[in-house]
Amino acid sequence: MKTQILIAALFFGGLITAQQKKDSLKVNAIDAVTLKKQVFKKQGDRLVYDVASSSIAKGTNTFNLLKQTPMISSIDGKTLKILGKNDAVIYINNKKTNMDSEALIEMLKSTPSEDIQKIEVITVPGSEFQVESKEGVINIVMKKSKNNGYNGTLKMQNEQAYYNNPNAGASFNFRQGKWSGNSNFRTGSWTDRQRYTLSNGDPTFRNESFGFNDDPNKNFGGGFNVDYEINKKHSLGFSYNMRYNKSFNSVLDITNWQNGVLNNRTVNNEDAQTRNHSFNLNYEMKTDSLGSKLTSNISYLWFNRDKVSFNESFPLTNDTINKYSALHQAVPQIINNYAANIDYLKKTAKGATWLMGISYNHTNTDNDTKQDKLKNGQFIIDPNQTNHFIYKENILGIYLNYERKLTEKISGKIGARYEMTRSTGDIVYKTGFERNYNNLLPYLNLNYAINSDHNLSYTFSSRIRRPRFWELNPSRTYFTPTNYTQNNPFILASKYYNQEINYMYKNAFYANLSFNMVEDAAASDLIPLQGTVTAPKKDSEGKIIKDIKGNPIMETTRFLRYIRTNYGKNREIAITLGMNKSWFKGIWTTNYSVNLGYVTYKGGVFEDPTSMSVPGETEVVDPYIIDVKNYNMSATLNNIIRLSSKKDWFLGVNYFFASQTAMEGGMIGTRQSFDLSLKKIAGDWTIVAEVSDLFNQSFYSIKGVQPNGKYNNITNFNYPRLMSIGVTYNFGNQKLKKAREMKSANDAVKSRT
């Protein structure tokens, strides 16, 4: 209760201070000047944060700057959320970034904040954006200058969590006449440490597992972008990005108990490596002086992940059922994507804007999973879990937008995206499927600028959420021989309907009301299916044991299978109240938001669509019923305090709180994070020391109970406290114009790898 009182006091205390009466004309004049800067404002379908006019943008990196942007938050240092719940897709200069998520975060952390002009937050993107489900867009607009020359950044950072994790990066930019370009390189190593507590069962049986996971990683990545201005109307560009990650000697060690009795120990050793290469060729032609232009792209993406593991289970009792068992598994995945698109942006003399385009994506994924198990002292192929899955997908998209100012106060944007999807999945020599569907995805935005202090807008959008390619690969990841995750090649695409009303007061205070509906919903996490397998009992040599009449003696084994699948529908309504404001002549900058939500999930999973019949075995799956209604709240309180008149010392004090939140797989426990940072700017050098989640409270604990008494509880403690120190050096001409950012035709596919 004290936490909620603290949040309310900080938040509403800011509102009361904002309403205090000014006692002199001089102060009023200063306020008027500050208002004209419009550091934070509503503009059409987006909220614009003019960071070039904000003091907090000095001497930090783009990722930290985004965390201080209104409506954006991050509690793990690896992901960005909009309104505390929606995933964020990053665009730079209206072009989607061309790299995987981990490489993108590293790039943002190595990009100086001084290069940023403004940040645009689009909570409900228009038809021209390649996004899915209820994803929002963060568009980073870079500063521009026509100066020739070069500049760059060198960055070194050391993080201390459970293990020590060093990393470094460099970037280089140049411009000379018609040529411009940029390049970057990043390298580092980190080891994830996680501690697990798993429990499941019913009133008559309980299974408990305790263990840990050490996952060492080494990676390097980088890329370059070269742009040539043929003449004032025509430009040609080429970009390349790559990333390599190696995770060898990853260990998952779990001890299992049944009904309070020590049962067995499972150890899983894993080696994995990921390679990602993407290429893009871009051509742009300006067609008039109003800003109309034709843009075309051809892209290629190659993604490869190799994973091999050895799973052993050691009996810790003298029973005859739980014997030593072992299995080898190889799960490679190769993705090839070819894509192209053409966009035409037409601006008219009366201020209207037309945008029309066509895109095509062809994707081929090859997943050749092999698994063997120990039998009679030898490893033999397990035919049920060995499969070769080939998935092919073709998506043709056509989109059209029209935007214009209707009156001095009212503006609007209307559009639609029509997508034709043709896909086939083939589990070689076993089964397959074909899915063909068409979707019309409308979009509408209306904006009413009531006066200089008040702005009101309404937005509607419809989107598709397609399964990620790794979700389709019909392979398992084992915790124990009877506790594992199961991917599902038969999962369907989900359809989202998103609505939002946004109100802004004095470009500092905002309220956002959203309503989302999902049909053919797939769980945002995994559905825990419990059940039993009854099969003939076998001896140590694998022979079936029979009774005196010659009939096989049957034995029943329980399993817990975490599966990805569709379950039904969900609804969500949420309201966010927030403010972004500076106090005491910019000494104290606040960014506060509180989100209140109500969600319902309705449906169920009554069978495992991935189960394959095995002669002599009978599998029974307990129905998993989803009937959830839940109120939840979260709050983000970010504070930047300038400690010196020279603007070279800054203190950051941030706090995040999330109440219990219901999901399809159970109730997520309360999470909190208290962060501190100290920044020193010394010319071209910046030194930052940070402590994230000082009290180790931002970890996941999930509890799920079914109407029939079945339960499943998970605690995943990932040692979230993180201490880091980073040194950044900027060199060269800091007003250098950036190379032209280019859109990649296969942007929509990258997020699914």
Side-chain angles (χ1 to χ4, degrees), residues 89 91 95-101 103-104 127-132 221 223-227 236-244 274-285 294-306 332-344 356-368 388-399 417-426 428 432-439 441 464-473 489 493 741-753:
V89 179
Y91 278 65
K95 306 298 186 293
K96 195 170 183 180
T97 46
N98 190 25
M99 57 189 69
D100 64 74
S101 59
L104 172 61
S127 303
E128 71 274 23
F129 289 98
Q130 299 184 57
V131 296
E132 295 193 339
F224 65 86
N225 175 32
V226 178
D227 191 50
L236 188 66
F238 176 78
S239 66
Y240 165 73
N241 282 280
M242 66 81 61
R243 179 175 176 81
Y244 172 76
T274 302
R275 304 173 183 87
N276 190 329
H277 299 273
S278 59
F279 306 83
N280 183 67
L281 181 64
N282 171 275
Y283 169 72
E284 182 179 290
M285 178 179 66
L294 178 71
T295 306
S296 62
N297 293 273
I298 300 175
S299 301
Y300 172 67
L301 168 69
W302 182 80
F303 177 90
N304 171 233
R305 176 174 171 81
D306 286 320
Q333 182 178 60
I334 299 174
I335 299 175
N336 285 277
N337 173 264
Y338 305 86
N341 77 284
I342 299 176
D343 290 341
Y344 179 56
M356 55 201 78
I358 184 170
S359 63
Y360 174 73
N361 267 281
H362 170 76
T363 306
N364 186 90
T365 73
D366 192 311
N367 313 270
D368 194 2
H388 189 184
F389 177 61
I390 298 175
Y391 179 74
K392 297 180 180 180
E393 181 180 84
N394 295 278
I395 304 174
L396 178 66
I398 303 172
Y399 42 96
R417 188 180 189 95
Y418 184 71
E419 293 183 344
M420 293 174 283
T421 304
R422 304 291 182 266
S423 61
T424 59
D426 183 21
V428 180
F433 60 85
E434 179 177 347
R435 293 203 182 97
N436 302 321
Y437 52 92
N438 304 323
N439 297 103
L441 309 173
I464 294 294
R465 197 275 188 187
R466 296 179 178 87
R468 303 310 185 237
F469 296 119
W470 55 269
E471 293 177 340
L472 295 170
N473 183 18
E741 299 291 344
M742 291 175 289
K743 178 180 179 181
S744 175
N746 55 18
D747 288 331
V749 169
K750 291 181 177 64
S751 63
R752 297 169 61 198
T753 60

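Because only heavy atoms are used, hydrogens play no part in the values below, and waters and symmetry mates are left out as well, while side chains stay in.
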Requested in this report: Would you name the heavy atoms of Arg466 and Glu132 that are closest together and state the gap between them?
Outcome: N-OE1, 3.4 Å
Report summary line: Heavy-atom nearest pair, Pro467 first then Leu472, reads CB-CD2, 3.8 Å
Query - Arg435 NZ/CZ over Phe433 ring centroid, <6.0 Å and within 45° of normal - result: yes
Requested in this report: Report yes or no: does Asn304 contribute a side-chain atom to a donor-acceptor pair with the main-chain N or O of Gln333 at less than 3.5 Å?
Outcome: yes
**Report entry** Main-chain N/O of Thr274 paired with Asp306 side-chain donor or acceptor, under 3.5 Å
**Finding:** no
**Report entry** Any side-chain heavy-atom pair of Glu419 and Tyr437 under 4.5 Å
**Finding:** no
**Report entry** Test log, rule side chain to side chain contact (heavy atoms under 4.5 Å, CB included), inputs Ile334 and Asn364
**Finding:** CA-CA 8 Å; Ile334 299 174; Asn364 186 90; over 6 Å; no
Query raised in the report: How far apart are the closest heavy atoms of Asp343 and Gly357, and which atoms are they?
Result: OD1-CA, 3.7 Å
Query raised in the report: Relative to the ring of Tyr300, is the ring of Phe279 parallel (under 30°), tilted (30 to 60°) or perpendicular (over 60°)?
Result: parallel
Requested in this report: Starting at CG of Asn297, measure out to CG of Asn282 and round the result to the nearest 0.5 Å.
Outcome: 4.5 Å
Query raised in the report: So do the side chains of Phe129 and Tyr399 get within less than 4.5 Å of each other, counting heavy atoms only?
Result: no
Query - Close side-chain approach of Ile390 to Asp368, heavy-atom, < 4.5 Å - result: no
Report summary line: The reported gap from OH in Tyr240 to CG in Asn225 (rounded to nearest 0.5 angstrom) is 14.0 Å
Query - Minimal non-hydrogen separation, Gly223 against Asn241, with atom names - result: CA-OD1, 4.0 Å
Query - side-chain contact (heavy atoms from CB on, under 4.5 Å) partner of Met420, chosen from Asn438, Asn436, Asn394, Ile395 - result: Asn438
Query raised in the report: Mind checking whether Met356 and Ile398 have side chains closer than 4.5 Å, heavy atoms only?
Result: no
Query raised in the report: Taking atom OG1 of Thr363 and atom CD1 of Ile335, what is their separation to the nearest 0.5 Å?
Result: 8.0 Å
Query raised in the report: Any idea which heavy atoms bring Phe303 and Arg305 closest together, and the distance?
Result: CE2-CB, 4.0 Å
Requested in this report: May I ask you to say whether Lys392 pairs ionically with Asp426, meaning some side-chain N is under 4.0 Å from a carboxylate O?
Outcome: no
**Report entry** Donor-acceptor under 3.5 Å (Asn367 side chain, Phe389 main chain)
**Finding:** yes
Report task. Count the heavy atoms of every other residue, nucleotide or ligand shown that sit under 6.0 Å from CG of Leu396, and state whether that count exceeds 12. Result -> yes
Query - Donor on one side chain, acceptor on other, His388 and Asp366, under 3.5 Å - result: yes
Query raised in the report: Between Tyr360 and Tyr338, is any pair of side-chain heavy atoms under 4.5 Å apart?
Result: no
Query - Non-hydrogen side-chain atoms of Trp302 and Arg275 separated by less than 4.5 Å - result: yes
**Report entry** Closest non-hydrogen atom pair, Gly425 against Tyr391
**Finding:** CA-CD1, 4.2 Å
